[in-house]
Amino acid sequence: RRPDTKGGTLLKRIFPALIFIFVLYLGNSALASTQTSYIRGWLICGPFEGSDLETECFKNEAQVMPKEGEVSGGKEWKMYSSSEDKVDFEDKELFGAYDFCDGYAYIEVKSPQRKEVRLILGSDDGIKVWLNGRNVLTNDVPRGFSVDEDKLNVILDPGWNRLLLKINDIGGQWCFSARFSDYQGLPVSDLEYRPKALKVVSVPVKEATA
């Protein structure tokens with residue numbers, strides 16, 4: 001009697017397909033963890049000393065539509081591009097070391113159509129967020145920085161959307177991070193931002209020779 005080889009043949013056909021599915025799954029998992037698309041280019045305004053998240057540091061703060069060089073509450077809006085995924089208000093190019101104050105970060109986000117996305121944020125310390133003038137998050141909490149601590153579902157309108165963040169500092173670090181993702185955690189590839197982040201190039205320091 002000839003041995004039954006149908007089972008072995010079927011296994012040989014299925015096994016490569018299983019390997020392909022497994023590799024594809026690993027690839028998608030790696031993509032979700034490495035493609036984060038943190039927003040690095042912002043208009044920054046501050047510092048506003050002696051204030052907290054509920055202090056309106058300038059009139060109609062939620063409706064602000066600043067341009068680089070404009071002044072709000074006596075402070076100038078400055079373009080800033082971060083060299084890392086977080087934005088550090090205490091960078092010497094921004095404010096330096098401060099405590100018990102607020103700082104603002106503004107960007108405009110263009111969506112090709114109405115789109116439901118996730119806005120994912122981290123901050124040290126508390127954070128307040130407006131999207132198109134509507135307050136979508138207030139988290140007044142003393143905390144150290146960790147990316148992706150606050151996650152909320154938001155709707156982007158077709159065209160340009162206004163995103164304004166207000167970060168409070170009570171001591172220690174003073175920074176934030178922000179990104180948009182889909183519901184699987186992957187970057188939303190068809191969004192456009194202004195101002196655009198400038199490419200930050202690290203220039204190696206040459207040792208001086210006597």
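Heads up: numbering here begins at 1 and tracks the sequence.
- For the pair Asp91 (side chain) and Leu94 (backbone), a donor-acceptor distance under 3.5 Å is absent.
- With sequence neighbours excluded, the residues that form a side chain to side chain contact (heavy atoms under 4.5 Å, CB included) with Lys75 are Cys45, Pro47, Phe48.
- Grouping the Ile, Leu, Val, Met, Phe, Trp and Tyr side chains by contacts below 4.5 angstrom, directly or via other members, places Val64 apart from Trp160.
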> Leu137 and Trp130: side-chain contact (heavy atoms from CB on, under 4.5 Å), yes or no, with the steps?
Replying inline: CA-CA 7 Å; Leu137 173 69; Trp130 296 267; over 6 Å; no
> Which is it for Met79 and Leu43 under the side-chain contact (heavy atoms from CB on, under 4.5 Å) test, yes or no, and what are the steps along the way?
Replying inline: CA-CA 5 Å; Met79 170 63 191; Leu43 286 176; 4.2 Å; yes
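- For Asp148, the salt bridge (charged side-chain N to carboxylate O under 4.0 Å, His left out) test picks out Arg179, with sequence neighbours left out.
- Note that CD of Gln63 is 9.5 Å distant from CG of Asn132, once rounded to the nearest 0.5 Å.
- In this structure, Asp88 and Tyr80 approach most closely via the heavy-atom pair O-OH, 4.4 Å.
- The side chain to side chain donor-acceptor pair (under 3.5 Å) test applied to Glu108 returns Tyr106, Arg194, not counting sequence neighbours.
- Take Ala178 and apply the side chain to side chain contact (heavy atoms under 4.5 Å, CB included) test, not counting sequence neighbours, and it matches Trp42, Leu121, Leu165.
- The CD atom of Glu90 sits 8.0 Å away from atom CD of Gln173, with the distance rounded to the nearest 0.5 Å.
- Note that the CD1 atom of Ile44 and the CD atom of Glu68 stand 11.5 Å from one another [nearest 0.5 Å].
- Transitive grouping of hydrophobic side chains (ILVMFWY, heavy atoms separated by less than 4.5 Å) keeps Ile120 and Ile167 in distinct clusters.
- Trp174 is linked by a ring pair (Phe, Tyr, Trp, His ring centres under 6.0 Å) to Phe89, Phe95, counting only residues two or more places apart in sequence or in another chain.
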Could you go through residues 52-61 and list every donor-acceptor pair under 3.5 Å that involves a side-chain atom there, pairing it with any protein atom two or more places apart or in another chain?
from: Asp52; atom 1: OD1; to: Glu54; atom 2: N; distance (Å): 3.0
from: Asp52; atom 1: OD1; to: Thr55; atom 2: N; distance (Å): 3.1
from: Asp52; atom 1: OD1; to: Thr55; atom 2: OG1; distance (Å): 3.0
from: Glu54; atom 1: OE1; to: Lys128; atom 2: NZ; distance (Å): 3.4
from: Thr55; atom 1: OG1; to: Asp52; atom 2: N; distance (Å): 3.1
from: Glu56; atom 1: OE2; to: Asn60; atom 2: N; distance (Å): 3.4
from: Glu61; atom 1: OE1; to: Tyr104; atom 2: OH; distance (Å): 2.3
from: Glu61; atom 1: OE1; to: Lys166; atom 2: NZ; distance (Å): 3.2

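- The main-chain N or O of Val109 is found under 3.5 Å from a side-chain atom of Asn161 such that the two form a donor-acceptor pair.
- Of the possible polar contacts, none joining the Asn168 side chain to the Ile127 backbone as a donor-acceptor pair under 3.5 Å is found.
- Qualifying side chain to side chain donor-acceptor pair (under 3.5 Å) partners for Ser111, counting only residues two or more places apart in sequence or in other chains: none.
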> Passes salt bridge (charged side-chain N to carboxylate O under 4.0 Å, His left out), Lys115 versus Asp190? Steps please.
Replying inline: CA-CA 11 Å; Lys115 188 185 296 288; Asp190 58 355; 3.3 Å; yes
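- Side-chain atoms of Arg40 come within 3.5 Å of backbone atoms of Ser83 as a donor-acceptor pair (strictly under, hydrogens ignored).
- Atom NZ of residue Lys86 and atom OG of residue Ser123 lie 12.0 Å apart, to the nearest 0.5 angstrom.
- Atom CZ of Arg118 and atom OH of Tyr183 lie 7.5 Å apart (nearest 0.5 Å).
- Residues that satisfy the side chain to side chain contact (heavy atoms under 4.5 Å, CB included) test with Val141, not counting sequence neighbours, are Asn139, Arg143.
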>> Pair Leu119, Leu163 - check side-chain contact (heavy atoms from CB on, under 4.5 Å), show working.
In response: CA-CA 10 Å; Leu119 176 57; Leu163 178 65; 3.9 Å; yes
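- Under a hydrophobic-cluster definition in which Ile, Leu, Val, Met, Phe, Trp and Tyr are linked whenever side-chain heavy atoms come within less than 4.5 Å, directly or via other members, Leu152 and Val129 are assigned to the same cluster.
- For Pro142, the side chain to side chain contact (heavy atoms under 4.5 Å, CB included) criterion is met by Asp125, Ile170, not counting sequence neighbours.
- Judged purely by distance below 3.5 Å, without hydrogens or angles, the side chains of Ser82 and Asp85 never pair a donor atom with an acceptor atom.
- Applying the side chain to side chain donor-acceptor pair (under 3.5 Å) criterion to Arg162, with sequence neighbours excluded, gives no partner residue.
- Residues that satisfy the side chain to side chain donor-acceptor pair (under 3.5 Å) test with Tyr98, not counting sequence neighbours, are absent from this structure.
- With contacts defined as side-chain heavy-atom distances shorter than 4.5 Å, the pair Pro195/Ile107 qualifies.
- Between Pro187 and Ser37, the shortest heavy-atom contact is CB-OG, 3.1 Å.
- Rounded to the nearest 0.5 angstrom, Met65 CE and Ser72 OG are separated by 12.5 Å.
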